[in-house]
Amino acid sequence: MADLTGRTAIVTGASRGIGLAAARALVDAGANVVLTARKQENAEAAAAEIGDGAVGFGAHVVDEDAAKACIDFTLERFGSLDVLVNNAGTNPAYGPVIDQDHARFAKTFDVNLWAPVLWTSLAVKSWMGENGGSIVNTASIGGMSAERGLGTYNASKAALVHVTRQLAMELSPKVRVNAIAPGVVRTRLAEALWKEHEGFVAAATALGRIGEPEDVAKAIVFLASDDASWVTGETMVVDGGQLRGNAAMFR
């Protein structure tokens with residue numbers, strides 16, 4: 001297990017799913033963690049579920065004032081901001097790209113792309129630029145392929161993969177910036193992709209099952225820690241082999 005003792009992390013979108021699992025894993029590694037959610041009560045409930053080392057803060061990720069307040073709170077409470085996990089995501093734009101209206105398109109890119117840029121900017125300017133740090137963005141294997149119904153969401157994640165590379169170069173050597181690209185994971189956001197046909201998804205996954213939030217959380221902790229001290233600008237795929245296709249074809 002990576003050692004993050006004495007460090008402080010913010011995890012956006014941490015009230016459930018991958019964000020909650022990542023926050024728990026970071027606490028287990030020794031970090032103090034501030035979990036964000038749109039509503040204060042949801043953030044506090046998630047932090048209480050983890051226990052000591054976790055604090056909840058209500059902040060919608062695209063609200064710049066709320067983001068600033070969260071980072072100020074973190075620095076006042078813990079004295080540093082060493083890790084930022086840009087995890088919050090949304091997908092209101094299901095269906096063909098040409099059928100999306102501007103509001104759904106803009107919301108998808110605001111939450112999935114602009115918010116990581118916003119929080120990264122604030123984290124770097126308030127602490128990491130002088131003291132160093134590690135940033136991990138939650139992308140998706142969808143950003144590496146085309147698939148029916150998810151074009152707008154996947155485009156936002158493809159852009160996040162590129163922005164991860166760009167920020168890694170702009171912020172080096174003080175700040176490392178990486179991303180994880182999960183496959184189909186057992187989360188509420190991804191329910192439409194697995195809930196009614198989990199067996200089919202598992203059969204099309206080389207490792208024989210869909211992912212669990214904890215599978216992704218372990219990769220996040222690795223990238224956040226000194227174990228990945230010579231890794232930046234990378235996107236780590238965590239998908240059980242889903243991008244490789246159906247393993248049964250090789251048997």
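Grouped by direct or indirect side-chain proximity (heavy atoms under 4.5 Å, Ile/Leu/Val/Met/Phe/Trp/Tyr only), Val161 sits alone. Its side chain outside the 4.5 Å cluster rule for every partner, Trp230 clusters with none of the Ile, Leu, Val, Met, Phe, Trp and Tyr residues.
No side-chain heavy atom of Leu167 sits under 4.5 Å from any side-chain heavy atom of Ile135. The side-chain heavy atoms of Trp114 and Val117, taken from C-beta on, include a pair separated by under 4.5 Å. Arg209 places a side-chain heavy atom less than 4.5 Å from the side chain of Asp215. Using a 4.5 Å heavy-atom cutoff, the side chains of Asn131 and Ser80 are not in contact. Looking at Met236 and Asn178, their side chains never come closer than 4.5 Å, going by heavy atoms from C-beta outward. Annotation: side chain of Leu223 is in contact with side chain of Ile180 (closest heavy-atom distance under 4.5 Å). Val163 is not listed as a side-chain neighbour of Pro116, based on a closest heavy-atom distance of 4.5 Å or more. In this structure, the side chains of Arg77 and Val34 stay at 4.5 Å or more apart for every pair of heavy atoms.
Applying the side chain to side chain donor-acceptor pair (under 3.5 Å) test to Ser156 and every residue at least two apart in sequence or in another chain returns Asn112. Applying the side chain to side chain donor-acceptor pair (under 3.5 Å) test to Gln100 and every residue at least two apart in sequence or in another chain returns nothing.
Linking Ile, Leu, Val, Met, Phe, Trp and Tyr whenever their side-chain heavy atoms come within less than 4.5 Å leaves Ile141 and Tyr153 in two separate clusters. Neither Val175 nor Val221 shares a network with the other; the hydrophobic side chains, linked directly or stepwise wherever heavy atoms of I, L, V, M, F, W or Y lie under 4.5 Å apart, form separate groups for each. Val177 and Trp119 fall within a single hydrophobic cluster, where Ile, Leu, Val, Met, Phe, Trp and Tyr side chains are chained together by heavy-atom contacts under 4.5 Å. Side-chain heavy atoms closer than 4.5 Å link hydrophobic residues (I, L, V, M, F, W, Y) into clusters, and following such links, possibly through other members, connects Leu122 to Val111. Hydrophobic clustering (ILVMFWY, side-chain heavy atoms < 4.5 Å, transitive): Leu4 and Phe222 are in one cluster.
For the atom pair Glu147 CD and Asn154 CG, the distance stands at 4.5 Å (nearest 0.5 Å). Taking CG from Leu84 and OG1 from Thr8, the interatomic distance works out to 12.5 Å, rounded to the nearest 0.5 Å. The OG1 atom of Thr90 sits 10.5 Å away from the CG atom of Asp110 when rounded to the nearest 0.5 Å. In this structure, Asn91 CG and Leu150 CG are separated by 6.0 Å, a value rounded to the nearest 0.5 Å. In this structure, OG1 on Thr152 lies 13.5 Å from NZ on Lys157, to the nearest 0.5 angstrom.
Residue Leu81 comes nearest to Leu75 through the heavy atom pair N-CD2, 3.8 Å, listed as atom of the first residue, atom of the second, then distance. Taking each heavy atom of Ala224 and Ser134 in turn, the nearest pair found is CA-OG, 3.4 Å. The two residues Ala47 and Gly56 have their closest heavy-atom pair at CB-N, 3.4 Å. Nearest heavy-atom pair, Ser15 versus Ala46, reported as atom, atom and distance to 0.1 Å: CA-CB, 3.7 Å. Between Thr12 and Asn87, the closest heavy-atom pair is OG1-N, 2.9 Å. Listed here is the closest heavy atom pair of Asp82 and Trp127: OD1-NE1, 3.7 Å.
Applying the side chain to side chain donor-acceptor pair (under 3.5 Å) test to pairs two or more places apart or on separate chains, those with a residue in residues 22-37 are Arg24-Glu49. Among residue pairs with one or both ends in residues 23-62, those qualifying as ring pair (Phe, Tyr, Trp, His ring centres under 6.0 Å) are Phe57-Phe73; sequence neighbours excluded.
In summary, Asp101 and Arg104 engage in a salt bridge, as defined by a charged side-chain N under 4.0 Å from a carboxylate O. A salt bridge is defined here as a Lys NZ or Arg NE, NH1 or NH2 lying under 4.0 Å from an Asp or Glu carboxylate O, and Glu214 with Lys218 fails to meet this definition.
Among Asn86, Asn137, Thr164, the single residue meeting the side-chain hydrogen bond (donor to acceptor under 3.5 Å, both in side chains) criterion with Thr120 is Asn86. Checking Ile220, Val85, Val11 one by one against Ile18, the side-chain contact (heavy atoms from CB on, under 4.5 Å) holds for a single residue, Ile220.
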side-chain contact (heavy atoms from CB on, under 4.5 Å) between Leu171 and Met128: does it pass, once the steps are laid out? CA-CA 9 Å; Leu171 302 180; Met128 291 185 181; over 6 Å; no
Determine whether Asp226 and Arg7 satisfy the following criterion, side-chain contact (heavy atoms from CB on, under 4.5 Å), listing intermediate values before the conclusion. CA-CA 11 Å; Asp226 289 342; Arg7 300 187 191 182; 2.5 Å; yes
Might you work through the side-chain contact (heavy atoms from CB on, under 4.5 Å) test for Leu20 and Ile50, ending with a clear yes or no? CA-CA 9 Å; Leu20 179 58; Ile50 295 174; 3.9 Å; yes
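The main-chain N or O of Asp63 is never found under 3.5 Å from a side-chain atom of Lys68 such that the two would form a donor-acceptor pair. A donor-acceptor distance shorter than 3.5 angstrom exists from the side chain of Arg176 to the backbone of Ser225, with no hydrogens or angles considered.
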